[in-house]
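The structure that follows is given in the form of structure tokens.
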Number of protein chains: 2
Amino acid sequence: MKKHKLIIADDHKMFLDGLLSILAAKKEYEIVLTANSGKNVAKYLDINNSKEPIDLVVTDVNMPELNGIELNRHIKEKHQKVKTLVVSMLHDAMTVQTLTKDNVDGYVPKNAEKDELLTAIETILRGEKYFSQSIKDVYLKGMFSNEQTLMQSLSKREKEVLKLIAQEFTTQEIADKLFLSKHTIESYRKNLISKLEVRNLAGLTKYAIKLGLLEE
Amino acid sequence: MKKHKLIIADDHKMFLDGLLSILAAKKEYEIVLTANSGKNVAKYLDINNSKEPIDLVVTDVNMPELNGIELNRHIKEKHQKVKTLVVSMLHDAMTVQTLTKDNVDGYVPKNAEKDELLTAIETILRGEKYFSQSIKDVYLKGMFSNEQTLMQSLSKREKEVLKLIAQEFTTQEIADKLFLSKHTIESYRKNLISKLEVRNLAGLTKYAIKLGLLEE
DNA sequence: AACAAACTCACGGTAAACGGGGTAAAACAC
DNA sequence: GTGTTTTACCCCGTTTACCGTGAGTTTGTT
């Protein structure tokens, strides 16, 4: 019987050790590489995958250099045959949605049982998808939450203005910055307040943060 | 040689498995209990510790029911002889400060090497403290960051007002709510703006969030 | 071509926030 | 028991935000 070739990636070394000890005990699997960043996985695949094709990459979401989302995207673009399984904390709905949109093959939270992880891996290697119930819950909840819908209901310009508002710029300053009339910005402000169902600048600011419009 | 009795607690089962496999391989240690919440550890100690004293509790910070901070506090109050080692992600300075204030015996981030974990445990069992360099860095950085200082520079009343401001209440509404003159609230508003070095409500709101004054 | 979004601008009014300047009693610390 | 911080209060002037209502123009879709 041919062993399935796996890569596992997580920046928490102890967790990586844990995964490794679970998977190395199974003779069906060969751990070809363990990595603490997505970049190392991508690099490895880009160089070696044609010679020695990998079956599955098990990866965390939060990683330096190239995170799990980006790694999954890279794999699904450049190495379509390689399956991906995300093993991470429970993330927000958007993360899950992004991953599924990018055709990830499975998602198991880190608080799952060992057995569920093994089931997930088997299922995926058979060519099916595997998502834990809690992940499906998050996904569905996200579908009907208004955060997501509201974000989509905002146009590009509205998001731009919202961002500047939350960055403490006044209407006049934003108008100057965008070469628009201050009346225009006032309109946006009004629309944002009614669309997001908030009362004032404080509510707008909170939404800007929630929607991830602010970096620093 | 008498084995040291350990308890490990983490709500991520796979990580727990990892820890277990690392520690169970060492014959110096006996894993008396693995738990996925702080409450279970506290309960166990409260009932059994007099008969069969535990030497060390290894715990995560983020856990349901009773988190690592609360668990550590409980242990240091009720079971002074039991050492505690936190193994968790890198947390903010305040978490680390709270833990050290509560006399935790060590802190190792989850991305540490297996060997460092073992070193930490040995050190602590010898009666010394062990903190990874990255944890010390976070601690020191927190000492000189202004977020912490600013938070302390705010009085109770100021925090209360700031919270209400960020909750989208107007000056008048806050005045009514706290049975104060609206002039008073205006003063607080001004002081907050100058203390926190922001320009307006948006900046105040961001600080309220950063300082953790808002729940939902 | 028709239609809907998205984007732009305008006016008038009320309410609120912002900025600068104060006073003063109570609580806490040294 | 003197000094500092906290809490609470006041006035005034200016700016900005908020609200309603409306309307032209561009852009993309079917």
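Throughout, protein chains are lettered first and strands after them, A, B, ... in sequence-line order, and every chain is numbered starting at 1.
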Should A:Tyr188 be listed as having a side-chain N or O under 4.0 Å from OP1 or OP2 of C:dT8?
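For C:dT8, OP1 or OP2 has a side-chain N or O of A:Tyr188 closer than 4.0 Å.
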
Whole angstroms only, please: what is the NZ-P distance between B:Lys190 and D:dC11?
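In whole Å, D:dC11 P and B:Lys190 NZ are 12 Å from each other.
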
Protein-nucleotide distance (B:Glu168, atom CD; D:dA17, atom P), rounded to Å
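Answer to the nearest Å: 16 Å.
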
Using a heavy-atom cut-off of 4.0 Å across all strands, would you classify A:Ser181 as base, sugar-phosphate, or nothing?
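Since only primed, P, OP1 and OP2 atoms lie under 4.0 Å of A:Ser181, the category is sugar-phosphate.
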
Which nucleotide wins on minimum distance to the side chain of B:His183, given the candidates C:dT8, C:dA10, D:dC10?
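So the side chain of B:His183 is nearest to D:dC10.
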
Is B:Arg73 paired with B:Asp102 through a side-chain N to carboxylate O contact shorter than 4.0 Å?
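Here B:Asp102 pairs with B:Arg73 in a salt bridge, since their nearest N and O are under 4.0 Å apart.
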
Mind calculating the distance between CD (B:Glu158) and P (D:dA8) to the nearest angstrom?
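To the nearest whole Å, that distance equals 11 Å.
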
Go through the structure and list residues passing ring-ring contact (aromatic ring centres under 6.0 Å, His included) with A:His79, not counting sequence neighbours.
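Residues passing ring-ring contact (aromatic ring centres under 6.0 Å, His included) with A:His79: A:His74.
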
Candidate nucleotides D:dA8, D:dG20, C:dG20, ranked by approach to the side chain of B:Arg157 - the nearest
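When the side chain of B:Arg157 is considered, D:dA8 is the closest of D:dA8, D:dG20, C:dG20.
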
Taking atom types as modelled, is there a side-chain donor on B:Lys129 or B:Asn103 under 3.5 Å from an acceptor on the other?
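Present: a donor and an acceptor within the cut-off.
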
Taking atom types as modelled and ignoring hydrogens, do the side chains of A:Tyr188 and A:Glu160 form a donor-acceptor contact shorter than 3.5 angstrom?
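No, no side-chain donor-acceptor contact under 3.5 Å.
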
Can you measure B:Leu178 atom CG to D:dT6 atom C1' for me and round it to whole angstrom units?
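These atoms are roughly 15 Å apart.
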
Would you mind telling me which of D:dA8, C:dT8, D:dC11 lies closest to the side-chain atoms of B:Leu180?
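Of all the options, the side chain of B:Leu180 is nearest to D:dA8.
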
So, using side chain to side chain donor-acceptor pair (under 3.5 Å) as the criterion, who are the partners of A:Glu128 when residues are at least two apart?
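If we apply the side chain to side chain donor-acceptor pair (under 3.5 Å) test to A:Glu128, skipping adjacent residues, the hits are A:Arg126.
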
Listed by chain and number, what are the side chain to side chain donor-acceptor pair (under 3.5 Å) partners of A:Glu113, not counting sequence neighbours?
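Per chain and number, A:Glu113 pairs via side chain to side chain donor-acceptor pair (under 3.5 Å) with no residue.
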
Could you state the atom-to-atom distance from CZ of B:Phe179 to P of D:dA8 in whole Å?
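The distance from CZ of B:Phe179 to P of D:dA8 comes to 13 Å, rounded to the nearest Å.
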
Taking only residues two or more places apart in sequence or in another chain, which ones pass side chain to side chain donor-acceptor pair (under 3.5 Å) with B:Glu52?
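Checked B:Glu52 against side chain to side chain donor-acceptor pair (under 3.5 Å); matches are B:Tyr44.
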
Within this structure, what is the CD1-to-P distance between A:Ile174 and D:dA17, rounded to whole angstrom?
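After rounding, the reported distance stands at 7 Å.
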
NA contact type, A:Lys182, heavy-atom cut-off 4.0 Å: base, sugar-phosphate, or nothing?
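Answer is nothing: A:Lys182 stays at 4.0 Å or more from every strand.
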
Find every protein N or O atom lying less than 3.5 Å from an N or O atom of nucleotides 22-25 of chain C, and list the pairs.
none

Restricting both atoms to N or O, compile the protein contacts to nucleotides 14-17 of chain C shorter than 3.5 Å, with distance only.
residue : atom : partner  : partner atom : Å
C:dA17  : OP1  : B:Arg189 : NH2          : 3.2
C:dA17  : OP2  : B:Thr171 : N            : 2.9
C:dA17  : OP2  : B:Thr171 : OG1          : 2.6

Rounding to a whole Å, what distance do you find between B:Ile185:CD1 and C:dC18:P?
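Rounding to the nearest Å, CD1 of B:Ile185 and P of C:dC18 are 14 Å apart.
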
Do the charged groups of B:Asp105 and B:Lys76 touch, with an N to O distance under 4.0 Å?
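B:Lys76 and B:Asp105: salt-bridged.
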
Using a cut-off of strictly less than 4.0 Å, decide whether B:Thr184 has a side-chain nitrogen or oxygen near OP1 or OP2 of D:dA8.
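No, no such contact exists.
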
Modelled atom types, side-chain donor and acceptor of A:Glu116 and A:Tyr130, under 3.5 Å
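Short answer, yes.
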
Less than 4.0 angstrom from a charged side-chain N to a carboxylate O is my criterion; do B:Asp10 and B:Lys110 meet it?
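Yes, B:Asp10 and B:Lys110 are salt-bridged.
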
Expressed as a whole number of angstroms, how long is the span from B:Leu204:CG to D:dT16:P?
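One finds 17 Å between P of D:dT16 and CG of B:Leu204, rounded.
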
